[in-house]
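Please read the structure below before turning to the comments.
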Amino acid sequence: MLKGFTRNFKPLEILTEEQVESIHGGTLDVLRRTGIRFESEKALKLFEKNGCQVDYSNNRVRFPEGLVEECLRRAPSSYHVKARNPENDMIWGGNTTYFQALSGSQSIDLETWEPRTPTRKEFHDAITVLDALGNVHIVPWYTPWFGFKNVPPVMAMPEGLAARFRNSSKFICANYSMDCEVFNIEMARAVGAELRTSMAAAPPLTFYSDAVESAYRIVNAGFILLLVSGSVYGGTSPSTIAGSLITGNAEIIAGIVLAQLIKPGTRVIAQDFSFPQNMRAGSPAFGDIAISLHQAAFNQIWRKYDIPTDGGVSYPSSKKIDYQAAYEKSILSFTGALSGTNTIWIQGALYGELAFHPVMAIIDDDLVGMIGRFLEGIEVNEETMALDLINDVGPIPGHYLSKAHTRKWWNKEQFVPKVADRSTPPEWLKLGKNDCIDYAKKRYDEIISTHKVDLPLTDKQESDIERILKEAREYYKKKGLISSEEWDEYKKDLKSPNYPYE
Amino acid sequence: MNNDIFEDLKKAIKEYDTEAAASLAKKAIGEKIEPLKLLDAMTVAIREVGDGFGRGELWLPDLVGAADAMSAATPIIEEEIKRIGAKRESLGTIVVGTVFGDIHSIGKTMICTLLTAEGFKVHDLGINIKAEQFLEAIKKYNADILAMSALMTMTAPEQRKVIKFLENENLREKVKIMVGGGAITEEFSKNIGADGYDPTAPGAVKLARQLIGK
Amino acid sequence: MSRGFIRNFPAFKLLSDENIDQIHRGTLDVLQKTGVTVYNDKALKVFKNADCDVDFDSKRVKFPPGLVEECLRKAPTSFRVKARNQKHDLLLGPNNVLFFNFPGTDTVDLNTWEPRTPTEQEHIDLIKVLDALENVHFLNAYPYFGFSGGIPEVMKEIEGVALRMRNSTKVTVAIANNDIDRFTIKMAKSIGTEIFANPNTSSPLTYYTDQVNACFLAAEYDLPSMIWEGATYGGTAPASTSGAVILSNAELIPYIVLMQLLKPGARVSVANLVLAQNMGNGAPAFGEIGVSLHNVVFNQVWRRYGIPTVSSSCGPTSSKRIDFQNGYQKMMPTLLSAISGSSVLQLYSSIYGEITAHPIQAILDDDIAGMIGRFLEGVDAGDEALAIDLINEVGPIPGHYLGKAHTRKWWKKEQFAPKSADRLTYPEWLKADKKSCIEYAMDRMEKILSTHKVDPPLTEKQESDIEDILSEARSYYRENGLISDEEWDVYKKNFKI
Ligand code: B12
């Protein structure tokens with residue numbers, strides 16, 4: 001079992017009780033008065049059967065308060081999740097916090113900082129890095145990248161999942177698109193792991209059929225469903241934090257109700273994935289501080305609902321591994337952790353969902369170590385207060401360096417990062433003025449040349465995965481979703497002597 | 001008097017006042033003011049807002065707010081144009097949508113707003129739009145340009161599908177096709193046989209002018 | 001007046017009230033049982049008169065708990081400090097947060113990242129930048145330690161204060177070493193501003209003459225003081241956080257007792273620059289997260305005492321560059337100090353340790369301060385912000401919010417737009433030559449230096465008073481030998497004295 005980090009103090013709360021009630025009341029009002037649009041006949045019928053008011057002319061579902069509350073109760077507040085290696089199982093919920101890599105569409109060039117498509121080998125190597133990093137507890141969907149060279153877009157998801165299973169024994173996730181969840185479920189079963197998959201709203205207040213269809217499949221498979229709104233406030237939700245919490249929570253709750261109606265007791269997790277709108281470019285304003293406030297409030301409200309939360313918002317707006325990226329990533333992930341997010345995405349990401357780099361992940365792992373150390377808090381007892389020692393040492397020339405107490409405690413109290421520059425200026429000059437990126441690159445080489453996944457797939461699991469990938473390829477070819485040019489490129493790739501690794 | 005109503009209408013647009021824009025349009029038509037001139041006035045106003053945005057003084061909500069105010073008045077004026085049988089001069093007619101399987105709307109909404117501001121007649125079909133729906137709209141509105149947005153690598157091929165579909169329906173030659181959205185590149189646009197691509201919203205406007213030679 | 005940012009939610013706490021009691025009792029125990037060493041006879045007498053147990057030979061003072069509690073009560077929970085320009089007057093208090101700078105001895109070369117002594121102009125430029133940045137509410141001592149050209153050591157900070165008085169109207173701090181505050185406090189008085197007296201502790205549990213004298217000066221001139229605590233835990237304080245907090249508090253309290261005995265109600269604040277020890281090389285472990293644990297507990301205790309706290313560990317990092325590491329090592333402690341109730345955060349301009357500082361760093365830090373400030377304001381959940389009617393009106397897709405009046409009104413209030421951050425999309429960024437935050441900060445610095453004017457400049461009279469005090473200080477240190485003959489020759493020649 002992976003312990004992650006335990007928060008040993010009350011979470012940061014930024015709302016008053018009344019504010020929480022206002023937002024909750026608003027959410028119920030919207031669910032009851034305006035309701036949610038579900039583009040799915042199947043879902044509409046299920047809702048109707050369970051007492052919702054359904055308008056088939058515009059696919060609108062209006063939710064009675066009682067049903068909402070009952071379904072929120074049915075969802076477990078904390079639960080076990082099963083990884084391929086039982087040592088990497090986790091318990092989500094309560095005051096535990098786990099961290100996960102944060103993906104990006106493409107890799108970046110560390111000299112020019114421009115995005116570029118990764119190769120199959122880079123894809124596999126990056127997973128190895130994530131497997132090796134001590135504070136990466138979850139290797140989620142789209143991680144490390146959305147796909148890699150020569151893979152047709154529709155095959156990116158199944159290929160990515162296979163690569164994650166092959167190179168890591170940690171808890172792995174996969175997302176839905178074009179029915180790929182069918183293959184994902186099969187693969188997870190073949191290797192004896194559970195999956196977490198999202199059900200994403202199309203804000204405002206809408207769910208399209210692909211999300212609903214996938215949710216049915218995931219819930220029926222007995223896996224974990226992550227509900228996400230993903231609104232951009234000012235665009236697809238009100239520009240105020242309070243207003244966008246209302247629409248976002250209404251969407252997430254509607255999804256939870258569906259999941260609990262399909263199968264009571266389904267494990268769900270509520271994800272905060274909302275950003276303010278960048279009013280110049282129209283993109284989300286990644287790295288904006290409003291995200292921290294949104295997240296802290298979100299956590300506070302979902303603690304009341306007693307459902308675990310996930311935070312996927314720590315994207316920087318910076319394109320480089322620089323000062324800006326650091327303050328953006330650290331404040332966003334830290335405010336999440338302090339206010340009680342249970343699973344936080346962070347390692348590896350650069351600019352807004354579009355870039356990831358394993359060297360960034362290595363540096364972020366230190367940042368996570370710092371957050372984790374803070375979450376553990378401090379002990380106040382006779383030994384840590386050290387009154388006898390203080391009275392014994394007294395004023396100058398007394399000192400503490402040579403004391404047994406110091407030898408015992410310093411290492412517990414401090415967190416020593418792996419790739420930060422902690423030299424004095426003279427040492428730094430002597431060492432060649434290395435910075436954290438230089439140290440991280442060194443660690444990258446070290447990991448790639450030494451790290452092995454602790455529990456490799458068995459031959460049977462390996463051949464099952466290959467069989468399922470074949471099925472997927474056939475399926476998409478038949479559906480015409482892989483063009484003949486794409487297929488030609490892909491075929492070459494599949495014949496590589498080192499397939500599936502390069 | 002006449003001048004006042006033009007100024008008031010412009011002011012309503014520039015103050016993002018949807019209700020005032022609509023009621024002024026009604027009032028003006030009641031007073032038998034030439035509807036085409038009303039449209040011109042609104043175009044001047046929204047272009048001013050667009051310029052403000054270009055200079056970095058105004059923001060997206062201002063731009064879209066002005067466009068909303070304009071769309072509140074436009075149907076009222078257009079009805080009158082139809083009624084009196086006048087002909088509206090616009091830069092051209094554009095059908096816009098995010099392709100099937102893709103629900104990303106923000107970039108698409110932005111280009112719609114800027115194209116409207118520029119003086120195009122824009123029909124925003126929305127998101128998750130199938131090839132058949134694009135085809136129908138092109139016919140219905142007699143479009144000069146089809147603009148498609150796609151943000152995911154998985155849905156980008158849908159643009160190719162739409163283009164093929166139009167070819168099969170013998171409509172490809174009728175419209176210029178421009179494509180964009182986060183998942184599209186210049187190279188991809190050439191590959192699928194689109195007529196133009198641009199990574200930015202202001203670029204989309206220039207491109208549209210270029211495509212129809214205006 | 002500068003109130004800085006207002007924290008609109010309860011301060012974040014790490015410990016239970018019971019834990020805080022334990023720490024408080026532990027502090028009283030150390031003060032009573034072991035006491036402290038004070039190398040200042042005047043102070044020993046004051047303590048003696050107040051019924052402390054004083055041993056004049058060993059200079060040891062032991063404090064009765066009643067006296068400690070009484071003096072903590074007498075100190076004000078919030079207070080004002082007067083600046084030369086009224087708009088920079090300060091309010092230190094329980095729910096508002098001010099920012100100032102952390103010094104560096106030297107500047108750095110932005111290409112090689114190596115430290116070097118700044119020129120006088122560079123020193124002035126940094127002051128100007130700090131004066132111009134709105135969220136720098138006052139200036140610390142330095143910001144650099146002197147400048148090139150051969151100023152004798154003892155004159156460096158006095159010359160520095162003169163530069164600050166000429167180039168900024170914000171309040172500043174008077175360090176106490178070698179009695180230099182006798183001159184700098186006089187300077188402040190001559191131009192009509194208050195200045196923070198700045199007594200420092202020496203860990204463990206020791207006080208030197210000149211530092212204690214700062215308290216007497218503060219009482220004489222009726223000045224606010226900022227008492228500095230700089231233990232290194234594992235070295236000069238216990239390695240465990242609770243033990244280190246007890247030691248820091250036991251070191252700060254004797255100064256507060258002294259101040260309140262000299263002048264009941266005296267304005268005092270306590271500055272926490274406690275750092276962990278880097279056990280690899282003996283330097284303080286700048287940027288270490290344990291420091292934040294210390295700081296949060298420290299704030300919790302001092303909030304209970306009702307005395308404003310200053311967090312100094314937000315400033316220094318262990319990175320030598322303005323880079324990713326430097327960014328997270330600044331953001332995390334600043335956030336924690338701010339939410340846990342520090343009244344003042346010492347964030348701006350420092351890079352490594354107390355060794356380097358740069359105006360570009362200050363300009364970048366301004367965005368961290370702005371972000372934290374916005375976070376402190378919290379979430380508005382009034383009817384208008386909740387927007388329930390709007391949500392019901394917009395409904396599901398194709399409804400959207402971009403063009404709504406509500407959006408135009410609210411979005412800027414909810415977001416914070418940093419001034420030197422790259423917030424472009426990839427296509428825009430490529431078009432803008434891949435500019436990053438440092439380059440934006442350079443633009444901003446250029447703009448500040450070409451447009452910012454000190455408001456108001458010193459009058460001729462004030463200028464000549466400052467010159468007089470400088471001459472007075474020079475003669476004083478010549479006489480008592482702190483300026484050697486060689487130093488004097490160079491100083492005289494290069495500065496046309
Ligand atoms: C916001 C967002 C969302 C929001 C969308 C809300 C909305 N109403 O639009 C939500 C949360 C709903 C969402 C959902 C999903 N998203 Co999304 N999303 C984004 C995000 C963060 C920003 C997109 C955006 O709005 N950009 C800003 C606008 C202004 O840019 P733009 O659309 O490109 O438009 C500009 C130009 O391209 C141009 N333009 C646009 N259209 C056109 C057209 C023409 C003709 C021309 C000339 C120009 C032009 O003008 C615009 C102005 O400059 C991106 C990541 C990123 N940073 O880009 C991911 C991203 C696009 N999403 C992604 C994914 C995978 C998804 C989901 C599948 C995730 C999930 N399952 O949870 C679902 C999609 C479901 C579906 N079926 O579509 C991926 C796509 C990856 C890939 N390689 O395919 C991205 C890249 C993120 C990632 N790496 O994971 N998403």
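To find a chain, count down the sequence lines: A is the first, B the second, and so on, and within it residues start at 1.
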Interface moiety of [X] toward chain C, non-hydrogen atoms closer than 4.5 Å:
X        : result
A/Asp366 : side chain
A/Phe275 : neither
A/Thr236 : backbone
A/Ser402 : neither
A/Lys329 : side chain

Taking [X] for its side chain and [Y] for its backbone only, find out whether a donor-acceptor pair lies under 3.5 Å.
X        : Y        : value
C/Asp106 : C/Ile355 : no
C/Lys320 : C/Trp113 : no
C/Tyr328 : A/Asp364 : no
A/Thr206 : A/Pro204 : yes

With only heavy atoms counted, which part of [X] is less than 4.5 Å from chain A, the side chain, the backbone, both or neither?
X        : answer
C/Asp365 : both
C/Val297 : side chain
C/Lys409 : neither
C/Leu293 : both
C/Gln22  : both
C/Arg408 : neither
C/Phe375 : both
C/Thr425 : both
C/Arg374 : both

message: Is it true that, when you exclude A/Glu427 itself, more than 12 heavy atoms of the residues, nucleotides or ligands shown sit nearer than 6.0 Å to its CD?
response: yes
message: Can you confirm whether A/Asp388 is buried at CG, in the sense that more than 12 heavy atoms of other residues, nucleotides or ligands lie under 6.0 Å from that atom?
response: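 It does not: A/Asp388 CG has 12 such atoms or fewer within range.
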- prompt: With respect to chain C, which residue among A/Leu389, A/Ile437, A/Asp435 yields the maximal number of heavy-atom pairs within a distance under 4.5 Å?
  reply: A/Asp435
task: Mind ranking A/Pro417, A/Pro276, A/Gly398, A/Gly26 by heavy-atom pairs under 4.5 Å with chain C and telling me who comes out on top?
output: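 Option with the top pair count is A/Pro276.
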- request: State whether C/Tyr440 and C/Lys435 meet the cation-pi test: NZ (Lys) or CZ (Arg) under 6.0 Å from the six-membered ring centroid, and within 45° of the perpendicular axis.
  value: yes
- prompt: chain A: which of C/Thr232, C/Leu424, C/Asp383, C/Val245 shares the most heavy-atom pairs with it under 4.5 Å?
  reply: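 Ranked by heavy-atom pairs under 4.5 Å with chain A, first place is C/Leu424.
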message: I need the residue from C/Ser436, C/Ala237, C/Ser292, C/Ser203 with the largest number of non-hydrogen atom pairs under 4.5 Å to chain A.
response: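 With the most close heavy-atom pairs to chain A, the winner is C/Ala237.
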query: Parallel, tilted or perpendicular: which describes the rings of A/Phe298 and A/His294, with under 30° parallel and over 60° perpendicular?
result: parallel
- prompt: So, A/Lys412 and A/Glu379, do they make that salt bridge, N to O below 4.0 Å?
  reply: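 Salt bridge between A/Lys412 and A/Glu379, a charged N being under 4.0 Å from a carboxylate O: no.
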task: Inspect the contact between A/Arg33 and C/Asp389 and indicate whether a charged nitrogen and a carboxylate oxygen are less than 4.0 angstrom apart.
output: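 Yes, this pair counts.
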